[in-house]
Amino acid sequence: MAKEDRAELRQVLAQITSIDAVVAIEVSAMVNGLSRIEAREVQLAAVAESVATQPNKIALIGVYGGLTPRGSWYGSSLSGIAASASRAAADPDVAGIIVDVDSPGGTVSGTAEAAAALAEAAAKKPVVAVVNTLAASAAYWIASQASELVISPSGDVGSIGAMIMHQDISGWLDQVGMKMTIIRSEQSPMKNEAHPFAPLSEDARAFLQGRANAAGSDFIKAVASGRRVTQAKVKDEFGQGRVFGAREALARGMADRVATLDQVIGGMVAKMPTRTVSRRRSALAFE
């Protein structure tokens, strides 16, 4: 019975008892029963609030293949990784998160957001990234934000930095007797300045170098924050773009320990509390 209905019933009973004193004696039993119902509901609410939740699930997030903002048949979605991390962080039933990483990297676009979501999750509950067996470039950027970074015995990590590739096919075009002409709108003389049909101009090269430097700087800042070291250490000791195996990665501080995915899952399961399941029956009845 809703609280509003009980209040209305009490008002009706009060009106009845004021009319007939004999009826009031019979009605008093109903009032007492109603009082016991209200007391029991208060007791049940207090018990429900005092029961602590015991998370007993592990969220597994995959970071696989070539990483792109919305994913593809050959790689994971960066936006999907971010969404999965946020959901797992907010789920009260999830005790910890394991990130299974096997990726050579991907686009700059979307990587910062995925890494930030994992960092936010790690601030709320344990997040273990397992390099199983490659975390390079964007994949290492993401993995570095975990509470703990574990590398498999045959794993590789690194390739910190950003890269822009330009292909100049002008020599081949000359050989086949083909000439490409590009006509741009006068308002946009820099549009597609990095086209492959001619060598890069000095202005175009400088612009692309600036974009690469900015992305590389963001990468180093994120890794330093996630690994809890200085930016200077990341820049000087984390390979400057090279990839390292498990032993070297541990020595440089790029990973925390060596273990397989199964070992990490088993270790997290062993640390989770045993959840007690109780069945509740209705106590709303007259005594």
- Task: Would you verify whether the NZ or CZ of R252 falls within 45 degrees of the ring axis of F238 while also being under 6.0 Å from that six-membered ring's centre?
- Result: no

Report yes or no: does [X] contribute a side-chain atom to a donor-acceptor pair with the main-chain N or O of [Y] at less than 3.5 Å?
X: S84; Y: G80; answer: yes
X: K233; Y: A224; answer: no
X: S225; Y: K221; answer: no
X: K179; Y: L173; answer: no
X: R184; Y: K191; answer: yes
X: T111; Y: A138; answer: no
X: H166; Y: H195; answer: yes
X: R228; Y: G226; answer: yes
X: Q240; Y: K235; answer: yes
X: Q145; Y: A222; answer: yes

- List the steps, then state whether side chain to side chain donor-acceptor pair (under 3.5 Å) holds for S77 with S79. CA-CA 5 Å; S77 161; S79 60; 3.0 Å; yes

How long is the span from the [atom1] atom in [X] to the [atom2] atom in [Y], to the nearest 0.5 Å?
X: R257; Y: L250; atom1: CZ; atom2: CG; value: 10.5 Å
X: S72; Y: R70; atom1: OG; atom2: CZ; value: 13.0 Å
X: Y140; Y: S103; atom1: OH; atom2: OG; value: 14.5 Å
X: R205; Y: I164; atom1: CZ; atom2: CD1; value: 11.5 Å
X: E248; Y: D156; atom1: CD; atom2: CG; value: 11.5 Å
X: S144; Y: M254; atom1: OG; atom2: CE; value: 9.5 Å

- Could you go through the salt bridge (charged side-chain N to carboxylate O under 4.0 Å, His left out) check for D91 and K124 one step at a time? CA-CA 11 Å; D91 190 339; K124 298 177 181 179; over 6 Å; no

- Message: As a test of understanding, state which of L134, D102, T133, L261 forms a side chain to side chain contact (heavy atoms under 4.5 Å, CB included) with S152.
- Response: T133

Which heavy-atom pair separates [X] from [Y] by the least distance, and what is that distance?
X: A129; Y: A143; value: CB-O, 3.7 Å
X: S137; Y: G105; value: CB-CA, 4.0 Å
X: P92; Y: P55; value: O-CG, 3.2 Å
X: A82; Y: A114; value: CB-CA, 3.9 Å
X: S109; Y: P69; value: O-CG, 3.5 Å
X: A85; Y: A121; value: O-CB, 3.9 Å

Taking the side chain as C-beta and beyond, is there a heavy-atom pair between [X] and [Y] under 4.5 Å?
X: L78; Y: E113; answer: no
X: L118; Y: V127; answer: yes
X: V243; Y: V157; answer: no
X: I160; Y: I220; answer: yes
X: R247; Y: V258; answer: no
X: V131; Y: L149; answer: yes
X: D256; Y: R227; answer: yes
X: V63; Y: V99; answer: yes

Cluster link [X] to [Y], ILVMFWY, side chain under 4.5 Å:
X: L60; Y: V269; value: yes
X: F197; Y: M190; value: no
X: L200; Y: F207; value: yes
X: I97; Y: I265; value: no
X: W141; Y: L67; value: no

- Verdict with supporting geometry, D203 and S201, side chain to side chain donor-acceptor pair (under 3.5 Å): CA-CA 5 Å; D203 285 347; S201 68; 5.5 Å; no

- Task: List the steps and the verdict of side-chain contact (heavy atoms from CB on, under 4.5 Å) for Y64 and D100.
- Result: CA-CA 8 Å; Y64 307 131; D100 183 19; 2.7 Å; yes

